Amino acid sequence: MRTHNLGYPRIGSQRELKKACENYWAGKISLTELLHAGKQVRQENWKLQQDAGIDLIPIHDFSYYDQALDTSLMLGNIPSRFLPLVQQEKKSFPTLYFAMARGYQKGDMDVTALEMTKWFDTNYHYLVPEFYKNQTFSFVSTDVISEFLEAKALGINAKPVMLGPVSYLLLGKEKETGFHRLDLLKSVLPIYKEVLDNLNRAGAVYIQLDEPCLTLDLDESAKQTFREAYHYFAQECPGIKILLATYFGELGENLPLTCLLPVDTLHVDLVRAPEQLDDVLKQIPDNMSLSLGIVDGRNIWKNNYDDSLIIINKATQALGTDRIWIAPSCSLLHSPCDLDMEMNEKVLSGEVKRWMSFAKQKLSEVVDLSKIATLQPDKETENRLAENRKAHQSRLSSALIHDLSVQARVAAVQDKDMERGMPFDERKKLQSTILNLPLLPTTTIGSFPQTKEVREARAKFKKGIISKKDYADAIRTFTQETVKIQEEIGLDVLVHGEFERNDMVEYFGEQLNGFAFTQNGWVQSYGSRCVKPPVIYGDVSRPAPMTVDWINYAKSLTEKPVKGMLTGPVTILQWSFVRNDQPRSATAMQIALAIRDEVSDLEQAGVKIIQVDEPAIREGLPLRKVDWANYLEWAVKAFRLSVSSAQPQTQVHTHMCYSEFNDIITSIAAMDADVITIETSRSQMKLLDVFINFKYPNDIGPGVYDIHSPRVPLVAEIEDLLCKAMMLIPVGQLWVNPDCGLKTRNWDETVQSLKNMVQAAKNIRSNE
Ligand code: GLN
Ligand code: ZN
């Protein structure tokens with residue numbers, strides 16, 4: 001039995017690489033210093049894995065920005081717009097590398113970055129490879145070889161890791177018509193061969209090729225591409241043993257195909273898809289080894305050794321110990337680094353910490369499991385097994401987790417609790433007499449610029465430099481100014497600006513029972529950006545109102561309606577580490593009930609419009625279509641449960657950032673929000689095409705300008721977009737708003753843009 005790892009977090013346990021990159025971009029450190037920082041993180045990671053007792057250690061999982069970008073550079077897939085940069089500047093790394101990642105603006109050069117998108121259903125974002133019809137490839141970045149030699153020189157038993165050719169192609173995008181990206185396989189394979197040959201000559205035996213696309217729905221041509229690619233390797237690179245890594249789900253109907261690929265070892269994810277084990281054991285050929293992905297790479301809970309050992313024993317009985325490898329389910333990139341750094345009891349209680357495990361701890365879990373399974377546990381392993389059992393016992397029976405009143409409330413939820421109690425058309429009439437809004441009402445999505453002053457006030461309060469009262473005073477001032485500015489701009493429905501919130505999930509999590517936070521639980525989101533997701537460990541309840549005071553204060557400053565602003569249950573769930581002892585849907589219902597109470601309290605306080613943001617509802621979609629219906633059903637239920645305590649006369653809004661609704665539009669409609677605001681400006685309202693065939697019943701605010709850019713939109717441009725929207729949606733159903741919250745913008749741009757937006761709405765109103 002062998003232990004290995006698929007990848008390790010590369011930001012560094014103190015976010016060293018993040019800081020080094022940002023300092024380098026800001027011109028504060030030199031390239032040499034950046035490379036030094038990278039090398040240090042990389043080597044520390046190797047050492048740490050070696051010390052933990054991992055047999056085969058991944059290399060080239062390290063990256064200064066993103067592994068898909070690294071693969072593009074390895075294959076020489078550099079779109080032509082970047083070439084002048086290489087030629088003019090005579091620099092390949094890092095100018096080109098970071099230009100592809102972040103764009104490049106200098107002098108008269110203005111090159112846009114590669115597109116970025118979510119890595120499967122994680123919160124990690126990769127840079128999307130671009131493909132052109134007759135493109136050629138060549139072995140450009142040789143990092144994988146140099147890292148292998150670097151590791152070898154340090155005595156590391158290294159296993160180079162690369163994104164496999166088929167997933168690499170599938171995860172990219174065609175940038176011209178007349179071909180399919182899989183057609184490029186033939187041009188890509190020889191480069192992979194060159195890499196593998198070089199690695200082989202350098203002494204590498206095992207090479208991990210990641211093919212996570214094998215857990216997706218594949219059409220026949222994709223399947224054929226897999227066959228072609230891996231038969232090519234078997235033929236052309238006989239000295240190399242390929243570990244084919246699949247993760248994030250079950251192989252399902254791709255299993256027979258996968259088992260016929262001529263590779264040395266197959267890695268399967270048994271955390272996401274434990275039920276696939278029996279089929280895998282049945283179908284795996286005699287000459288293939290099996291890597292059991294058994295320690296959860298996507299969550300922060302301790303592995304349950306006894307449960308894992310049952311699985312391992314079953315596999316060893318079927319295949320023999322020699323053919324079994326033990327590993328985390330996927331790369332540990334998606335886990336925070338080191339639980340040992342959570343030293344502050346006040347931030348993370350010892351009891352909850354005892355149930356958790358971060359990347360470093362997960363390595364020991366892998367090694368422990370292998371030692372116990374092969375009946376070679378040393379004293380320390382035996383102690384850890386005992387502690388593992390105790391920790392699970394304590395978690396299951398802990399009073400911290402179980403709140404009988406919450407459970408009883410969820411059990412008592414009835415269908416009528418998810419109904420607004422009056423059809424939309426009638427609600428709309430009631431609401432319009434109360435709110436008396438003009439045609440094409442104008443509003444914003446919630447946040448206003450989080451300026452340096454706002455962030456400084458928060459930082460000072462967190463550090464104890466200013467008192468709670470001083471902080472609240474500062475927030476009040478920001479809110480007051482923001483309400484005044486919105487009135488001056490002439491917006492119809494105002495917001496308070498969200499200055500008291502650092503993050504739209506953390507703010508609520510901090511006030512809910514069942515949530516814990518970490519000090520250093522950072523996970524890479526993209527490039528140097530990291531997030532620190534809250535941990536939902538127990539039954540969720542709301543001890544006290546969370547937003548009422550702030551909304552009340554804003555409301556007291558104006559005659560105009562002020563929206564109450566909440567984050568929805570699915571988004572809170574999606575952006576947290578969620579407990580794994582009950583279905584996610586059950587946790588979603590608990591959060592929904594907490595939000596529901598907040599909705600009631602806001603209403604009691606006289607708030608007439610309440611917005612419950614669900615930007616993450618689309619990204620929560622399962623990877624496979626067969627699982628969508630089930631997810632959408634509970635996600636829509638959770639949303640409806642959270643808002644249906646509202647009286648018919650209270651107007652419920654929701655907001656979503658991603659608006660590719662084509663395949664889920666009926667579920668979006670089923671949420672039955674009175675108003676939904678969405679992102680559409682960057683696509684020039686193209687995203688509204690879904691409404692050609694689908695008559696969306698309720699009101700809708702398609703974003704009329706892009707908040708990701710500092711550019712101020714012209715009145716005429718906005719009018720133009722609104723006219724486009726009016727071709728597809730009756731004007732009486734339309735709202736006018738930006739694409740998303742304004743927190744990342746500055747005040748000048750914001751005021752100018754919103755003034756233009758209000759003017760555009762007025763111009764169209766006067767023509768109607
Ligand atoms: N209300 C939030 C804001 O304006 C919504 C953010 C989001 O959609 N991600 O910031
Ligand atoms: Zn948004």
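Quantities reported herein were computed from a predicted structural model and do not represent experimental measurements. Atoms within each ligand, like the ligands themselves, are counted from 1 in listed order. Side-chain atoms are counted along with the backbone in the values below, which use heavy atoms only and exclude waters and symmetry mates.
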Item checked: Residues Gln759 and Asn763: side-chain donor-acceptor under 3.5 angstrom -> yes
At under 4.0 Å between heavy atoms, what of Met656 touches ligand 1? The answer is neither
So the angle subtended at the Zn ion (ligand 2) by Cys740 atom SG and Cys657 atom SG, rounded to 10 degrees, is 120°
Check your understanding: Phe248 vs Phe120 aromatic rings, parallel, tilted or perpendicular, using cut-offs 30° and 60°?
Key -> tilted
Atom name of the N, O or S atom of His655 nearest to the Zn ion (ligand 2) is NE2
**Item:** Residues Arg745 and Asp706 bridged, charged N to O under 4.0 Å
**Value:** no
Looking at Ser447, Gly497, Gly741, Cys740, the heavy atom closest to atom 7 (C) of ligand 1 belongs to Cys740
* Has ligand 1 got any nitrogen or oxygen that is less than 3.5 angstrom from a nitrogen or oxygen of Pro615? -> no
Heavy atoms of Ile595 and Thr567 approach each other most closely as CD1-O, 3.3 Å
Under 3.5 Å, is there a donor-acceptor pair between the Thr677 and His655 side chains?
yes
re atom 5 (C) of ligand 1, the protein heavy-atom contact at minimum distance is Asp613 OD2, 3.4 Å
For Gly446, the atoms of ligand 1 under 4.0 Å from one of its heavy atoms are 4 (O)
Considering both backbone and side-chain atoms of Lys743, is one of its nitrogen or oxygen atoms within less than 3.5 Å of a nitrogen or oxygen in ligand 1? no
- Query: Judging by distance only, is a nitrogen or oxygen of Gln611 under 3.5 angstrom from one on ligand 1?
  - Reply: no
Note to self: What I want to find out is whether Lys428 reaches Asp674 closely enough, with some N-O distance under 4.0 Å, to be called a salt bridge.
What the structure shows: no
Under 30°, 30 to 60°, or over 60°: which ring-plane class applies to Trp634 and Tyr631, parallel, tilted or perpendicular?
perpendicular
If we number the atoms of ligand 1 from 1 as shown, the ones under 4.0 Å from a heavy atom of Met504 are 6 (C), 7 (C), 9 (N)
In ligand 1, the atoms that come under 4.0 Å of a heavy atom of Cys657 are 7 (C), 8 (O), 9 (N)
Relative to each other, are the rings of Trp735 and His653 parallel, tilted or perpendicular (30° and 60° limits)? perpendicular
